[in-house]
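Throughout, a chain's letter reflects where its sequence line sits, starting with A, and its residues are numbered from 1.
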2 protein chains.
Amino acid sequence: MVEPKSTRQKSKTQDQHIYEEIFDAILEQRLWPGTRLKEESLGEIFGVSRTIIRRTLSRLAHERVAVFEPNRGAFVAEPDVSDARQILDARRLMELAIVEKVAERASSIKSEFKKLYELIEQEHKSSAAADKGTAIRLSGEFHLQLARLSGNKPLEGFLHSLVPQTSLIIALYQSKEGSRCAIDEHSRLLDALKLGDAALAKRLMGEHLDHIEDRLALDESAGNRNLAKVFGRRVDKAGA
Amino acid sequence: MVEPKSTRQKSKTQDQHIYEEIFDAILEQRLWPGTRLKEESLGEIFGVSRTIIRRTLSRLAHERVAVFEPNRGAFVAEPDVSDARQILDARRLMELAIVEKVAERASSIKSEFKKLYELIEQEHKSSAAADKGTAIRLSGEFHLQLARLSGNKPLEGFLHSLVPQTSLIIALYQSKEGSRCAIDEHSRLLDALKLGDAALAKRLMGEHLDHIEDRLALDESAGNRNLAKVFGRRVDKAGA
DNA sequence: TACTGATGAATTGTATACAATCTATTAATC
DNA sequence: GATTAATAGATTGTATACAATTCATCAGTA
């Protein structure tokens, strides 16, 4: 079993792998807002040079999941209250449009729904196993899969950046713990979609998003959660 | 007057400048879909190394304005008919949402409208001067400015990638020449927005987009316009 | 002539070297 | 002791070197 001599052939998938690893870490809230993303450390972790890491970080930065501070490097984004409102607002707009499109296409994508039910099944399992990180990530993936079924790639791409940003917002501003009813909401939403009931699906999605937002404390004072910003200091939350 | 010793200080603006130069060239349809974007050539043109060019190209690729073909380099994107429909569909969704938001905020952003009227004025001028490229670009910028006034940065960013993509679609699929009524449409739209008449503004925006799409030939056979793809060949449309 | 295969130039993909900048530590001054 | 200045170490930003791949040219063959 000879290793491929070329280091380039894997490049595309290698890139994608590193990206997804960081992406998932953010979805699962293992990577906290404000965490420093040191290039050399990441390079060692994934066994590539800074060149590759830099490309990944720049992709994350473009999706507003990370931010570059000039000469200081990349950090996991910390959306402030105003950012959060805009992100959630944009996401609602997108999700409702997506749900409508999926409902319209319901009859022609029947086979795809099966996968989504399986995803919900997994959500249940990890929720039951108290594997919170995985449960959160799967929840996000449910929404991403829905976006894919909309059949509109630009929309899918846009939601792909809004979902992890939402994850960061939840990390920063969630006040009440999420009752896991969200999973049942997914499943009822999917039922409505399969029947092609756009109106019901949109209502359910709207309520689903309401519930997520209800758990957040997005009043201005909530900004105080971000102590570093309040005191104008910079804190590296991950050194290694 | 001493030059700044550092080559890094300008980096952020330098980057932005190169990006905008290419962005504008695409908006003005000086850069045609399928054009090869050779790294070294661009580097020489802008006096920077491939590193910087590569970053710019990767940004354009992320916005789907350029595409990377592995080991072959970057090319100006050539959205096919299916892509085009999805892009236009997404854009309609965005533009209507944006118009609604701007109408809602009309009273609190009165001073901003002035700039937009000036932009329309410029559009008139370049149109009168038969400066088609500039006219097209300014038309795109009008929509981008509107997006900015929506007060939603994610939406603004998303439209920022949809506008040049629309430009590529027009380049590829426009069958009838655009009557320059579009400028008057901008101006009537702006009137409605200033009055905060969301319903009217949305109707006008919808019609505006209809008119753009009316001039396109997006039936399946339209794909034949892209001869290179029909014959499975690759053609470099710009060598230098 | 048309087709295949080999050779070399051109171009991309990645790693690395080096310069600019920032950060932390220590020394110096009041 | 607190504040500022200076220095060394760490990290980012850019250019460049080198390897891998593609592309064009041109023999060779039927």
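- The listed nucleotides are dC23(D), dA15(C), dA15(D); the one nearest the side chain of Ile52(A) is dA15(C).
- Atom CG of Asn71(B) and atom C1' of dA10(C) are 13 Å apart (whole Å).
- Within the 4.5 Å cutoff, the side chain of Ile170(B) has no heavy atoms near those of the Ile136(B) side chain.
- With salt bridges taken as basic N to acidic carboxylate O contacts below 4.0 Å, none links Glu118(A) and Lys115(A).
- The phosphate of dT11(C) (OP1 or OP2) has a side-chain N or O of Lys38(B) nearer than 4.0 angstrom.
- Nearest-nucleotide mapping onto DNA chain C: of Ser49(A) and Pro70(A), the residue sitting toward the 5' end is Ser49(A).
- Put simply, CD on Glu69(A) is 14 Å from C1' on dT23(C), counting in whole angstrom units.
- A close approach under 4.0 Å does not occur between any side-chain nitrogen or oxygen of Thr51(A) and OP1 or OP2 of dT14(C).
- Distance, Phe68(A) CZ to dT12(D) C1': 10 Å, rounded to whole Å.
- When rounded to the nearest whole Å, the span between CD1 of Ile53(B) and P of dT12(C) equals 11 Å.
- At whole-Å resolution of the value, CG in Asp15(A) and C1' in dT14(C) are 11 Å apart.
- The interatomic distance linking Leu42(B) (CG) with dT11(C) (C1') rounds to 13 Å, in whole Å.
- Arg148(B) has no carboxylate O lying under 4.0 Å from a charged side-chain N of Glu156(B), or vice versa, which leaves the two without a salt bridge.
- A straight line from CZ of Arg55(B) to P of dT14(C) spans 17 Å, rounded to a whole angstrom.
- Side-chain N/O atoms of Arg72(B) include one lying less than 4.0 angstrom from OP1 or OP2 on dC23(D).
- Between the P atom of dA9(C) and the CD atom of Glu40(B) lies a distance of 16 Å, rounded to the nearest Å.
- Atom CZ of Arg59(A) has more than 12 heavy atoms from other residues, nucleotides or ligands within 6.0 Å.
- Residue-environment remark: CD (Gln16(B)) exceeds the threshold of 12 foreign heavy atoms within 6.0 Å.
- For dT14(C), neither phosphate oxygen OP1 nor OP2 lies less than 4.0 angstrom from any side-chain nitrogen or oxygen of Arg50(A).
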